[in-house]
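The structure appears right after this line, and notes come after that.
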Number of protein chains: 2
Amino acid sequence: MQDLLFDFISKYISLTDDEKNAIISLDTFRSFKKGTTLLKAGQKSNDGFFVLKGCIRTYYVIGGEEKTTAFYTEMEALTPNCVINKAPSEYYISCVEDTILIISNPDMEAEMFSKFPKFETLCRILAEELLAKQQVNFDEFKTSSPEQRYLNLLQKRPDLIQRAPQHQLASYLGIKPQSLSRLRARILEKNKV
Amino acid sequence: MQDLLFDFISKYISLTDDEKNAIISLDTFRSFKKGTTLLKAGQKSNDGFFVLKGCIRTYYVIGGEEKTTAFYTEMEALTPNCVINKAPSEYYISCVEDTILIISNPDMEAEMFSKFPKFETLCRILAEELLAKQQVNFDEFKTSSPEQRYLNLLQKRPDLIQRAPQHQLASYLGIKPQSLSRLRARILEKNKV
DNA sequence: TAAAAACGTTCACTTAAGTTAAGAAATGAC
DNA sequence: GTCATTTCTTAACTTAAGTGAACGTTTTTA
């Protein structure tokens with residue numbers, strides 16, 4: 001399990017055995033059952049999440065309805081808004097599948113950064129990279145129709161369509177579950193002819 | 001002009017006079033006329049932009065049409081995707097108004113980071129904060145209708161509606177210019193009754 | 001394992017965005 | 001200042017998403 005993490009990190013910086021041991025000794029690998037809620041809207045928390053295995057999602061409850069807006073799978077990190085701005089969370093976080101996470105917090109990070117400045121560089125690079133990726137993602141969302149967004153998802157994250165239920169995917173695509181059903185039927189119809 | 005920058009930075013970290021001078025001596029303050037193109041799609045560049053005064057936008061050209069997806073105004077930073085992933089840019093960047101920018105590049109940053117590690121901390125914090133903000137932004141976009149998005153923009157960035165032309169705002173809201181016109185007329189009609 | 005809840009699909013209807021086109025208004029170039 | 005271009009608005013029509021409801025299926029859970 002840890003090897004997955006170190007393979008991932010090695011794409012960005014190289015770690016000494018000392019540094020690897022420092023990470024392991026933090027002892028923050030945790031397992032959760034599918035459906036577990038990691039954070040509720042309105043709560044404050046300092047926990048950041050890094051997905052080693054499985055899938056978690058963020059969702060809002062608006063007018064009594066769940067609106068899933070993001071999924072995080074293997075080697076993806078989520079630092080909840082409430083950790084950054086020290087305000088109550090606007091959204092829920094829960095496990096789509098049985099999931100293994102690394103859970104971090106700012107104090108822990110600060111200690112690691114001062115002991116191994118390299119980690120701060122890693123975090124900076126990861127944050128910058130994510131920011132750029134996410135901007136392009138958002139751009140694609142804005143400039144395409146629901147149907148194009150679905151086809152795009154099918155290309156880019158085909159696993160998600162298997163792993164997450166339709167109604168969660170629908171709000172992730174910015175539409176209603178019924179519209180996703182219809183849209184898929186429409187695509188099948190087109191390909192048939 | 002520099003005071004604006006230092007006031008902004010002081011919200012995150014405190015700088016010594018030495019550090020402030022180091023920034024000034026980088027001598028990267030640049031002025032541009034409205035309409036100036038800073039980066040073209042397909043080009044490679046290492047320039048990052050920080051807006052001191054004015055407004056810049058990113059836009060794609062899709063099927064011959066400009067699709068504006070983001071605006072950056074005072075104290076906002078844009079590191080183009082192509083700087084991060086060393087690939088040709090997917091979008092254009094140009095000035096919506098006469099604009100004063102700080103232009104950075106990775107080599108310059110690396111030098112500053114090694115001389116003053118504090119700057120890397122600043123950049124990490126800024127990137128993390130932006131990432132969290134942007135996620136919430138995207139979430140709001142996904143969970144609301146074009147009309148709600150327009151009303152939301154009116155609340156959160158009223159200046160943008162004055163500063164940018166309608167057709168750029170339209171694609172920023174994920175709709176066509178005609179739809180934005182209609183939607184605004186609809187809102188006026190509602191408030192009249 | 002049986003009942004209840006949640007989920008996915010389909011349908012008919014409503015609403016709003018996309019499209020095409022035309023004309024008025026604003027802006028920029030000369 | 002005038003002409004040309006771009007921008008904004010309006011309108012009629014098309015297309016697709018939202019809505020409310022029904023129904024079969026799957027998943028929970030008691």
Side-chain angles (χ1 to χ4, degrees), chain A residues 33-37 57 59 61-68 71 92 94-98 141-154 160-190 192-193, chain B residues 33-37 55 57 59 61-68 71 92 94-98 141-154 160-193:
Chain A
K33 282 272 160 210
K34 175 177 171 174
T36 307
T37 296
R57 68 181 173 120
Y59 66 95
V61 176
I62 299 173
E65 284 196 353
E66 280 189 16
K67 307 269 188 179
T68 298
F71 296 99
Y92 295 76
S94 81
C95 299
V96 175
E97 303 172 344
D98 290 355
F141 193 95
K142 278 183 181 171
T143 56
S144 56
S145 66
E147 185 171 324
Q148 289 173 315
R149 297 201 285 256
Y150 175 75
L151 292 170
N152 193 34
L153 186 66
L154 214 52
L160 260 195
I161 291 173
Q162 304 307 319
R163 297 167 86 168
Q166 297 292 322
H167 66 285
Q168 289 175 17
L169 290 172
S171 53
Y172 181 69
L173 293 171
I175 57 176
K176 302 281 147 157
Q178 298 94 313
S179 297
L180 179 53
S181 261
R182 177 169 43 193
L183 173 164
R184 295 179 68 212
R186 198 165 61 220
I187 291 170
L188 281 176
E189 196 55 37
K190 276 184 202 166
K192 203 186 292 176
V193 179
Chain B
K33 281 274 160 211
K34 174 175 174 177
T36 307
T37 297
C55 178
R57 68 180 173 121
Y59 66 96
V61 175
I62 299 174
E65 284 197 351
E66 280 190 15
K67 307 270 187 178
T68 298
F71 294 100
Y92 294 77
S94 80
C95 299
V96 174
E97 304 172 342
D98 289 355
F141 193 94
K142 278 183 181 171
T143 56
S144 55
S145 66
E147 184 171 326
Q148 289 172 317
R149 297 201 285 257
Y150 175 75
L151 292 170
N152 193 34
L153 186 66
L154 215 52
L160 261 195
I161 292 174
Q162 304 307 322
R163 297 168 84 169
Q166 297 295 321
H167 66 285
Q168 290 176 15
L169 290 171
S171 54
Y172 181 70
L173 293 170
I175 57 176
K176 302 280 149 162
Q178 298 93 316
S179 298
L180 179 53
S181 260
R182 176 167 47 194
L183 174 163
R184 296 178 67 211
R186 198 164 62 222
I187 290 169
L188 281 176
E189 196 53 38
K190 277 184 199 164
N191 292 346
K192 204 185 289 176
V193 178

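We use all heavy atoms of the structure for the numbers below, so side chains are in, but hydrogens, waters and symmetry mates are not. Within every chain, numbering begins at 1; the chains are lettered A, B, ... in the order of the sequence lines, protein sequences first and strands thereafter. Remember, it's a predicted structure, so these values are computed and weren't measured experimentally.
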Atom pair distance, as rounded to whole Å: [atom1] in [X] and [atom2] in [N]:
| X | N | atom1 | atom2 | value |
| --- | --- | --- | --- | --- |
| A:Leu173 | D:dG18 | CG | P | 11 Å |
| B:Lys176 | C:dA21 | NZ | P | 15 Å |
| B:Ile175 | D:dT15 | CD1 | P | 21 Å |
| B:Leu183 | C:dG18 | CG | C1' | 14 Å |
| A:Glu147 | D:dA16 | CD | P | 7 Å |
| A:Gln148 | C:dA17 | CD | P | 17 Å |
| A:Lys142 | C:dG18 | NZ | P | 14 Å |
| B:Glu189 | D:dT10 | CD | P | 11 Å |

Would A:Leu173 and A:Leu183 satisfy side-chain contact (heavy atoms from CB on, under 4.5 Å), going step by step from the backbone distance to the final call? CA-CA 12 Å; A:Leu173 293 171; A:Leu183 173 164; 6.0 Å; no

Closer than 4.0 Å, any side-chain N/O of B:Arg186 to the OP1 or OP2 of C:dT15? no

Any donor-acceptor pair under 3.5 Å linking the side chain of B:Lys142 with the backbone of A:Tyr172? yes

Are the side chain of B:Arg57 and the backbone N or O of B:Val96 linked by a donor-acceptor pair below 3.5 Å? no

Review item, nucleotides 3-10 of chain C N/O atoms under 3.5 Å of protein N/O:
unit_1	atom_1	unit_2	atom_2	d
C:dG8	OP1	A:Gln166	N	3.0
C:dG8	OP2	A:His167	N	3.1
C:dG8	OP2	A:His167	ND1	2.9
C:dT9	OP2	A:Ser181	OG	2.7
C:dT9	O5'	A:Ser181	OG	3.3

Reading nucleotides 25-30 of chain C from the 5' end, what letters show protein touch, with B for base, S for backbone sugar-phosphate only, - for no heavy atom under 4.0 Å? ---S--

Can you sort out the partners of B:Glu65 under side-chain hydrogen bond (donor to acceptor under 3.5 Å, both in side chains), two or more places apart, ordered by chain and number?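 Scan of B:Glu65 (side-chain hydrogen bond (donor to acceptor under 3.5 Å, both in side chains), adjacent residues dropped) gives none.
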
Taking salt bridge (Lys or Arg N to Asp or Glu O under 4.0 Å) as the definition, give me every residue that meets it alongside B:Arg186, ordered by chain and number, with sequence neighbours left out. B:Glu147

Salt-bridged, A:Asp98 to A:Lys34, with N to O below 4.0 Å? no

Qualifying residues under side chain to side chain contact (heavy atoms under 4.5 Å, CB included), relative to B:Ser171, sequence neighbours excluded: B:Lys67, B:Thr68

Sequence neighbours excluded, the answer for side chain to side chain contact (heavy atoms under 4.5 Å, CB included) partners of A:Arg163 is A:Cys55, A:Thr73, A:Glu74, A:Glu97, A:Asp159

